[in-house]
Structure formats: C-alpha cells, structure tokens
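Written below as structure tokens is the structure these notes are about.
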Amino acid sequence: MRIFFHAERCMLCQSCVLACQMNSIGVSEVTEIPRDGRPLQRMAFIFSHGTPWVWRCQQCLSAPCVEACVTGSLRHGEEGNGVVHDRETCVGCGSCVLACPFDALTPDENDDRVTKCNLCPEEEIPPCVKACQSGALAYQDPRLFAQDKRKKFVRDQKVHRETD
Amino acid sequence: MKQTEEEGIKSPACGYGLMGLCCSSCLLGPCRISPFEGKSAKGLCGDNVDLMVAKNLLRLVAGETAGGLKDLSEAVQNLGALAVKQGARKRPGKAVLKGILEKYGFTSRVSVNRFAHYLLRESQKLLSPFSGPESPSPLLSSLYPEGAFPHVYRDSLLPDSLTSLIFDALGQEQNESSAVEAILRKCLKISMVKFISEELRRDIDYLTDGDQSSEMEKEALDVVQDLPPEPLPVVVFLVRDDDLPEEFMSRATKELRQRLKGIARLIPLNNMRGLPSIGRGFFRKWSLPVNGMSALAAVFSQSPASVLGALMCGFSVVSFPALPIHGSEVVERFFCKDLKEKLGSAYVHPRGGEVLPAILEFLGEKA
Amino acid sequence: MSIFAGGYAGQILFVNLTDGSIQVKPLEREFALKYIGGRGFTSRILLDEVKPGIDPYCPDNVVVIAAGTLSGTPTPSSGRLVVAAKSPMTGGIGDANSGGYWSPELKYAGFDAIVIRGTSKDPVYLWIEDGRAELRPAQHLWGQNTTETRQLLKEETGDDDIHICAIGPAGENLVRYACVVTDEEGVGGRCGIGAVIGSKKLKAVVVRGSLDVRIADPERFKKTLEDYRKTLAGEVWTETLRRLGTPNLTAHRQSHGIWGAKNFQRATIEDYEPISGENFRKKFLMKPIGCMGCLVSCKRYSAVKDGPFAGIYTVGPEYETINALAAKPYITDPAIVLRAHYLCDEYGLDEQGVGSTVAMAMELYERGLLTKEQTDGQELVFGNSEALLYFIDKIAYRKGFGDLLAEGTKIMGERLNADYYAIHIKGLEVDATDPRKQVTRALTYAVSTRGACHLRGNPYIDEFIKPEEAEAYFGTAAVSELEALEGKGKMVAWSEDWVTISDQMGLCKFAWYRSRSFPMLIKRGLELAKEAFTSATGLPMTNEKLYECGERVYNVEKLFNVRQGIGREGDYPPARFFEEELTDGPAKGCKLDRKEYDRLLDDYYEARGWDKKTGEPTPEKLRSLGLE
Amino acid sequence: MGRQRIGYFEDLQDPEHICSRCHMCELICTFHHHQVGNPKRSRIRLISLDKGVDVPVTCLNCEDAPCMNICPTGALYRPESDGMVTVKEDLCIGCAMCVNACPVGAITLDPVDGMAVKCDLCGGDPQCVDYCPANVLKLTDAERFARHRMRGFVKSLQASGEEG
C-alpha cells in the first residue's frame, strides 16, 4: 500500500499537508493547534511545470536510503509495505538525505534526526488521504492503482468511440 | 447581494476553512497560509493571518446578512403598498398586536394604520443607503432600549443605516493590521443588523399578512415568565437554528441536560429570533441587562452572524460549529477576552469543537 | 513453498463453519499422484468425510471445492472447477463443474481445494487471499441475486479484480436444484450443490490471488502448448464452436430427432428455426467468450436489444439452456429463452432442473393430474412462456406451487403419484438428449455416478472410430458398428474413465475431449494432457497411469454411491424410455429394449470389474486400483 | 516503420473479432517472462467492464513517455530511438513514480519482486499477439493504426452509401 496522487483531481487546497502537520504534532482537530507548534515536514505541496504535486516519501521497494543508512534505522516494512524509519536509532548523519532521489527525507527541527513519511501505521488510512476532499490522494496497492487507471482508460476509449 | 449570500453561507469543509483561513477573495486561488508559519506569513494579497481571518469572517457575516436585508426591503415595499390602502388583509390578533405595539413604545390605543405608517417611515430610513448618523434611530432605540442593552450604546455598536453598513463592509479594503479590530467590530454591528432586519421583517409581515411567526416571540416571553422571581446566577439557553434537523437537536438537548443536571438550568429555544425579546424581557422582569447576569447561550447554528448576534444580545455564547477563527490569535483574543472586558459577555471558544467542555469551563469560571 | 515443482499450489483449506475455524494443510504428494486433482480430490475427500445415510442438508455434509490440476497454468481451456457434496437430488455423490476464471484464481490464492464442513449460524462469506482465509459476515448479501452479490462484494473490497463463487436466493431457500454461480460466466449447475452451500449459510467464496503457479519444465510445457495449438487448428469443429457455440448442437439434435422435447414426448421441434444456433447468433450474439486461456471460446455473450426484454446482458445460452428452457417446455421464442436463462442465473437455479420440472408439471397438467387450483391459477400447458417465467420466480423463493416444483421431478413424482412422468436417473433430471435412439447413450446416462449426465462419458465414439482402432482399443472391431452391442460396455466404461481425466485436470471437455477422429481424441485427451501434466507439475506420469487415475476416481464415486445405498437398480433409465416409442422425426419408432439394456449393463459391469448383481466394485478391482 | 506497440483491433461488426475475454494474453505473457502462471504479473492486462466490454491494455509506447521522463534513476529508457521503453531492472528502485505517471496504467510493480514491469514486446515477437485466438491483438505502429482507422471510415461510408 502506498500513497498515490492524481494530479488531475487536485484542487490545490493543501488539506493533506495540514493534516500531515497536525498529525506530526499530535493533534486531530484544527482548534487544538498550539500556537507554538513545530510540525515535521513530511509532506509538501509543490508545482512542477505548472502541475501540482504532493511531495512525500515514495516508499521505494529497493530504497537507496535503506542501503545508505549507517545505523539500520531505515528498513523495509513487512510484506514490502513502505520504508520504516526508526527515530530511536537514527543519528541524523544525513546519508539517506544524500541518497534519496526525491529529497524526501528532511531534518527534524526538534532534534538532530531526520524524518520522513511513515504512512502513519497507527491509522488505518493515513490522515493526509483522509483529509483530501477531492480524492486526489489515494492509499492503494500499486497493482490496484494501475488497474483503476487501465479501467478508466478503457472506459474513456469506449465513450469516445460511442460518441464518434 | 444574492451572490454574496450564496457564497457566504457555505460551511467550510477543510481544515483551513475551519480555521477561517480559507480565503477565496482573489482569483489567484487560495494561498493556504499555514498556521505553523506564524505571524510573518502573508498571503498573495499581502494580508497576514489575522487580517485574513477577520476579513473572511466579515465576508461570511455580511454575505449572510445581505440576504436577510433583501427580505426586509421586500417586506417594507409590501407595507408601503398596504399602508396606503389602510390596514392589513387579515386582522392581526389583539394580544400579539399589543405586544408589538408595546415593543415599539406605542400604547394599544394607537390605530394600526398609524403604527404602520410609522414603521414604514422609520424602516425606510434605516434601509436607505444615504441615511446619515443621526443616531440613535427612534425605532432602534425602542427595539434595543439602552437599559436592556447598555453595551451596545456604550461601545457604539448600534448600527445607524443597515444597508450602507453592508455595502461598506463588502466594498472596502483595509490593509493596516490595526484595522483587525475595526473589522471585527463591523462584524458585530452587521450581525446586529441581521437580528434587527429579521425582527422588523417579522413584525411587518405580521401587520401585512398576519404571519404567525411573531407568535414565536411569545414563546420567548413565556420563557422569561417561567423563570423564578430572583435572577438566577447562571442560565444556559440552548438555541437552535431553523435549518438544523430536529433529531440532532433533541439528541443534543438530552445529552446536555443530563450532564448539566444540578449545575445549571437548561432552557431549550426553538429559534434564534427570540433572543432580543428575552433580553428585553429580562430587563422588564428584573431591571437587569442580560450581560449583567452572565447567561450563556449555546448556539447550534451554521451561520456566524447568528452566533455574533447572540453575543450582541448580551449573552455569552458557545457555538457549534465553532466560529472559524482559530487561525488568528488576535481575532480569537478579541472575541474571547477583549469583549468580556468591554461588554461583560464574550465568546467561549469550544476547543476541539466540543460544546460540553466549553460550557462546563464557562460554568466553572462563574461558580 | 510447496513440495511440488509446479502445477499444484500445494495446500488444502479446511473450513469449519460451525466454529469458524480455518486450517491449512499441505497437499500430499501420494494423494496428488493418485487422484490428480479436481474431481479426483472432491470424490476422494467426500468418500472419506461423508458418512453413509446422512441428510444432505445437515452440518455433517461436506462441500469440497477443487480446482483442476492444470488450472492456473497457461494450459488452454484449463480453468475448470469442481464443486461437490452429497447431493440433495440423488443422495449419492453430487458434483458440479464450472468454467470461467474462479478456479485459476483459487490456485493463485494458494489453494488446490477447499473443504467446507459444518453450518454457520449467520450468513457468512469466505474470503481467500494469498494463502490466508477468513470468514466474513454476509448478512447484507443474504437474499441478493448473484449479480448484486458480486457488485456488493466488489464495492466492499474496493477491487473488481476479485473472483466470486456465489449462490443466489434459490440456494438460500434450499431449492433442490440450486446451482453455484462463478463470476459472470460460470455456472456449476447440477446436483443441487447450491442448496447444500445454502444450508450451510455460506453465501459466497471470494478469491483474490497474486501467487505464482509454477511450471516445472517450462520448455517442455511450451512445446506442449504449441503442439496443442496445432492439433486444435486441425480440428474441423473448432471454428464452428467459436461461431455458434454449443447451440450449434441443436442442429444435430433436430436432424437426428433426439431432442427430448415436451418432457420427452417429442423428439423434434416443429418450429425449430427461431431457437437454432444460427438464429441466436444472428439476433443476440455480441461476441464469443472463452474461459481462462481458452482458444475455442464456445461461450456466448448475448444481449437482447429490442422487444419487451431489451436490456438483458448475459453469458449464454448454451445448448443445454435451449433444451431445458425451450425444447422441454416447448417454447420457441428465443427472447423468452434468454430471459429465463438470465433469471436462472440471477437466482442461482439449474436450468435443466427448472426446465425439466416445469415440463413435467406441464405434462401432468395436460393429462389432468394437476388442476388449476394446484398451479396457482396458471394455465400450465406446453408453450406457455408466461407460466415458465412466472414459476422461475416462484421456484427461487419457494412460493405457492413453486414450492413443490423446487423439489425436482423425483420428489414431485412421488408426491403427485406420477413417477412415470418424472424423467430422472437416480433423482437427477435427464438432460439434453433423448437416449432412445442410441442404447449406449442411455447406458452412459444411467450408469453415470451423479445421475443422468451427458458429460460423464462419450457414448458416440462408435460414430467415428475405425474398425482397426476399435480392435486395438476395445478388443473387437464391432465397436465401430453403430447397431452392434458387442464391446460397447467396454467402450462406455473406457470413455467414462477417460473424460474423468478432464475433470481431474480441470480441462474443458469441448476443447480436449471432443473430436471427429479417434487418434486425435487419444492424442489430445491423453497424450497432450499427460504432457501438460508432467511438464507443469514435474511428477512422473504415463498414459496408462493417467488413465488408471481416471478409473480410480470413477470407482471411488461408485463406492460412495454404493455406501449411500445406490446399487444396480439406480443404473436404469426411466421407464418411459422402455415403454414409449419416439413418435416423430428421423428416429421415429425407437425405444429401449429391457433385455438388450440388461445385457449391455452386464457387459459394462464386467468391463468395470464390478459385481453384476449389486453393482458394487469387487475387492479385486479395488485392490488393483490401490483402493483398499 | 515507426515506434511499435501492441494494438487492439476489434471489429464490432464481426463478433469473432472482438476480445473474447480468455485472458490467454495475460497467461502467455507471464509464462514467457517468468515461466509461471500468474496473470497479476502480466504486462498486458485484460480490463473487463460491464455489458461485456473487454479490452486488453498494455503499453502505448508514448513518444514523450511520462514514465521514462519521471523515472528518478533512469531505469526506464529507450535503447533505440524508435524502440520500446524498457526497464533496466538493476537500476529500478521500485518507487512507483512511473505507476503514478503512466496515463493508462500500463506500467505497474511486479507483485512478486516489486520492480517496475512493462511490455517489452517480447524482444520483437510478442507472445500475446501469437496466441490471441480472436486475432484482435496485433503488433502495430502509428501508421498502421491510422490506416486501420481510415479503412474503418471508408467502410462506414460504403455502408451508408448502400443504405442511401
């Protein structure tokens, strides 16, 4: 399971980022946000050539960061589910930051460690996906994600033909 | 006005919206200033968080009120047509009519026609966008007598012209950060407009059509009648918006009544409109303004204007859903702290969107 | 990792619905070698698990679902599935066979077979994914039609790549001939397995798998594939089957006069044209459909575009559908046939069961043995299509007269004192063809272990076998003569064992076990099947041993039936075939002769090595097959 | 000859030349590449919609291939200027960016080894084309496809002419 992003459905509202930040400081309601909160940067919203993109860890299956990690605090999750980062053993050496092709690991501002998206294992659906109102973020198996795309493709094709 | 109404009433769905940061005022799209970016954060338009929240609130309140004003001006037109033709189509009930006449400072011997002419003239004056600050208007001072609503006069929150206030609010841009408070005061003024226009319209409708909705005022007065002779220290009013489903309200009432048993008296009200009448009734009964008695109104309403209106009637207010103001510290402080110092009653912020803890907190402070 | 180099998933799932326990046991090599898979597994497991004389609906009855051995491999037309239990119709072994995509998916999910015991308190469905299984509540699915069930399950799981084997309302209401419906395409129709599953309160079995089914020797397997493709290309009727599907056979039945129409009172259909395969193709066919990896594609995807039934999209009809829903009740409107077919699929009803019972009721009504009061005021005469559609609904929900119809012909005959008009063998309705013209066909139907069935043997080998081939295989050239009886018992026994192989392997009988020449038949059905088996599984196998496996399974089934009290008397066709001659068509005047039939049955028992009096397999025979 | 790909050519007038949902393409694809049976690993996937619509979907071999452009490690590349985009497996890190980017879902992660998989035309002799019993899969290029459409257009003109 991973987080996928449908750029065409995104309404640029950035609720996902807010939800991620709120999760990182441990609040679930916007009214509870403390004034001096310092959230972790695990997800961000960027524009790339005019297309919106939700920047986050891609949870690579043979992740360079895991190979680069000197303490073994980055490892692959069970059943190939994501890359797990263990805060306790992380020494913040930054090797992973150098290795990651997506720059998805950032220094944790609160201490000398790095942080990354861990797919919020304590939740059934990651809060960012839950916060997305337009369905632009999807928490899915890559296989199902591709399958849905194919289905959409076939449906579009058929509609196109029927209206020809 | 219609457009503002449509845009203004939408309830926020995302986190930014709940915080009051969901700005849609420029066509470049939402800036989504993060609450974590602190004071330095500025949107595309150059506004900081506080201004943005305040302006958004103003837009919401004004948009909503604009709709109500439109109804009032229609009602006034009807009244004009009718006043010339002498009297209502349907004769109004005597008891209610008496109540209405008294409210405006008339004795019951005055002819309905004369009263109608008075109402027409004064409300036209209030509605005119060109009417100057010749305040206080005699109509308003009879509806909101100084004894019952002293805070309105002390802080000059009583509006003079209804329409120009709205135009003013929707048209002008104020960029200095010191203007936040001015904007918020305007919010309060406008939400009063909403209450005034609704009440006026109701009374006019009653005169012209014999509309039964004025009976609701009686309900509010009955509530006051039922209160014990000594002013209670703490009363919680549970106020419901018309749009909310019955089921939801009855569930909330039941739950709150259970939890507040032995702590405070709980009085459910079926609509917002009775609140000014209750203010007047309190004064008549105990010669005390509401904000002198620290009564709390728990308002269940989608509309911020109603919430602020309740505040202007002298109640301390807790609302569900909460006002979209968590995004700005300044705005929150204004409503929750500054107002208390000035008016004696204030907004009680339901942390986490939960009403009950907020009520308990309020009660605990008072007890 | 299974102990097999390929082919098998290597695991069997045991589910007990009473206490909800789920166990996974490894498949043993010896067991696999002895029984191959599919029907071999189901029959053997049933023999071990089901006690004699139990009520088919009691918790002690066991439902076994097994995928064919080659299911899941790229072997063409190998996606067949066997669902078996003690049948509520025959009281003997009951198995239903269905194509489609479910069976391979079960392999991909890591199982060769599922054994379901007990009865659940509340409706459940079984979810299987990649070696794991769980029971999930199915309260919301109970009472739903099969299409809706699939829809709901797909919505629930958020994946429409899952494969679902479900029962309809008919199975829930214990209609005796309820079937199991796999996906959109497959129907495991006969023997009322749907009712047994319904009695267990199991609504569906849903599988999703992404595990590999390995191939032990890819190169050899590839060669076999190529070889099979070439062989199939040389077959004349492959093209016809693709063009017309099984409805193609209607022409054959009409020209030979063996329709079994009007509850076997007629042998041809006067107004045949509308229900011919050609007409179905012309009017309704959208495209042919193939099961998993099928190079033949005999299934039809049909749509009714106009008329009162416009908007029906369904997979079908098959030849059996046309026989059951058109010929038997004597209805010749193809749109009605499709509508009825659609309803049967939706409710999970065996079409042959519906057609036969309604046809029997029609005959009884015409003969005055049923009154209008008894039939809910319906004018139940042959050709009344409204009554047919009316009663499909009533049967599925067991309402009114439908309650009796839902019991099947055997019980209906007993209740109405009209046994003679109940055309069944061992309780299972005689399907498509009238066997009076060809006594070997009658024998195949009668001795079939699951009751009357045209798929348990190939009685028409004599139509194309050459004398020298007959001499070599059956010891006498007489087998190639149509009229002669000599050696026919052996031929039937041989063909039975031989098509059993297909059910074990999961191979399609049309694509592998039908041919126009005997050598081709042997090559595809035995040699290529063996090649595919050995190259896929890596297990040693020879033609002779494979054939023996078929024979073993057939004997196991016979043993099961004998234990449940079905002896020689169960191996007779219904009385009507002995008493009444065919009255029309090319086969006019044909009927079965009791003496001739007895002789043939003796012959058959001898060829089988079974006791002639009781029909029981002799101890020597069992020993030689390794069945002590 | 332009860039080749596997095309789906159905003839709605002729039922025998419409995909017959047999999944042979998937089976033979997986068998050819992995020597096992498992359609979930196939590079061509059959998409079945309701009302009997079945369309096999595989890589379209886009000119400006999004999968190739977005790949952070260069694991997706075109060996020849006109050829198929192929996966260099030792470079693939399984980040699923290509899965996210592909407009038709033709590229996915292998459920077994987690690497990106996509159609490689079996090195020029596509097995699915070989085995398709309905003959609806063909090795094609843009030119051929255009010609096919033209032929269909002319046929429809003819038909309408006859009717008229």
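These figures come from a predicted structure and were not determined experimentally. In what follows, chains are A, B, ... by sequence order, proteins preceding strands, each numbered from 1.
Sparse packing is recorded around CD of D/E80, with 12 or fewer heavy atoms of other residues, nucleotides or ligands lying under 6.0 Å away. Remark: C/K223 NZ is loosely packed, at most 12 non-hydrogen atoms of other residues, nucleotides or ligands lying under 6.0 Å away. Within 6.0 Å of CD in C/E239 there are 12 or fewer heavy atoms belonging to other residues, nucleotides or ligands. Within 6.0 Å of atom CG in D/D14, more than 12 heavy atoms from other residues, nucleotides or ligands are found, so the atom counts as buried in its surroundings.
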Under the salt bridge (charged side-chain N to carboxylate O under 4.0 Å, His left out) criterion, do C/K287 and D/D11 qualify, and how do the steps go? CA-CA 10 Å; C/K287 61 177 188 180; D/D11 182 354; over 6 Å; no
Worked check of side chain to side chain contact (heavy atoms under 4.5 Å, CB included) between D/Q35 and C/I215: CA-CA 6 Å; D/Q35 282 77 47; C/I215 310 284; 5.5 Å; no
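D/P39 places a side-chain heavy atom less than 4.5 Å from the side chain of C/M292.
Interface residue C/T73: only backbone heavy atoms are found under 4.5 Å from chain D. Looking at C/L211, the atoms closer than 4.5 Å to chain D (heavy atoms on both sides) all sit in the backbone: N, CA, C or O. For C/R281, the part sitting under 4.5 Å from any heavy atom of chain D is the side chain, from C-beta outward, and nothing else. Within the 4.5 angstrom heavy-atom criterion, no atom of C/K299 approaches chain D. Heavy atoms closer than 4.5 Å to chain C are found in the side chain of D/Q127, but not in its backbone. Contacts of C/E226 with chain D are made by both backbone and side-chain atoms, with heavy-atom separations under 4.5 Å. Looking at C/E184, the atoms closer than 4.5 Å to chain D (heavy atoms on both sides) all sit in the side chain, from C-beta outward.
Closest approach of C/P74 to D/F31, counting heavy atoms only: CG-CB, 3.6 Å. Residues C/R242 and D/S20 approach most closely at NH2-OG, 4.0 Å, considering heavy atoms. Considering all non-hydrogen atoms of both residues, D/P15 and C/P288 come closest at O-CD, 3.1 Å. Closest of all the heavy-atom pairs between C/D161 and D/R45 is OD2-NH2, 3.0 Å. D/I18 approaches C/M286 most closely through the heavy-atom pair CD1-O, 3.6 Å. The minimum heavy-atom distance linking D/L27 with C/G72 is given by the pair CD2-O, 4.2 Å.
By number of non-hydrogen pairs under 4.5 angstrom with chain C, the leading residue of D/C19, D/P133, D/C22 is D/C22. Contacts with chain C were tallied for D/G52, D/A134, D/P111; D/G52 has the most, counting heavy-atom pairs under 4.5 Å. Contact tally against chain D (heavy-atom pairs below 4.5 Å) for C/G79, C/G290, C/S297, C/G100: the top residue is C/G290. Per-residue counts of heavy-atom pairs under 4.5 Å with chain D were compared for C/P76, C/G209, C/G6; the largest is that of C/G209. Ranked by heavy-atom pairs under 4.5 Å with chain D, the list C/S77, C/A303, C/P218 is led by C/P218.
Atom CD of C/E105 is separated from atom CG of D/N38 by 8.5 Å, given to the nearest 0.5 angstrom. One finds the CZ atom of D/R21 at 10.5 Å from the SG atom of C/C291 (value rounded to the nearest 0.5 Å).
The closest donor-acceptor contact from the side chain of C/Y301 to the backbone of D/V53 lies at 3.5 Å or more, if one exists at all.
Under the side chain to side chain donor-acceptor pair (under 3.5 Å) test applied with C/D212, the options D/H34, D/K40, D/R41 reduce to a single match, D/R41.
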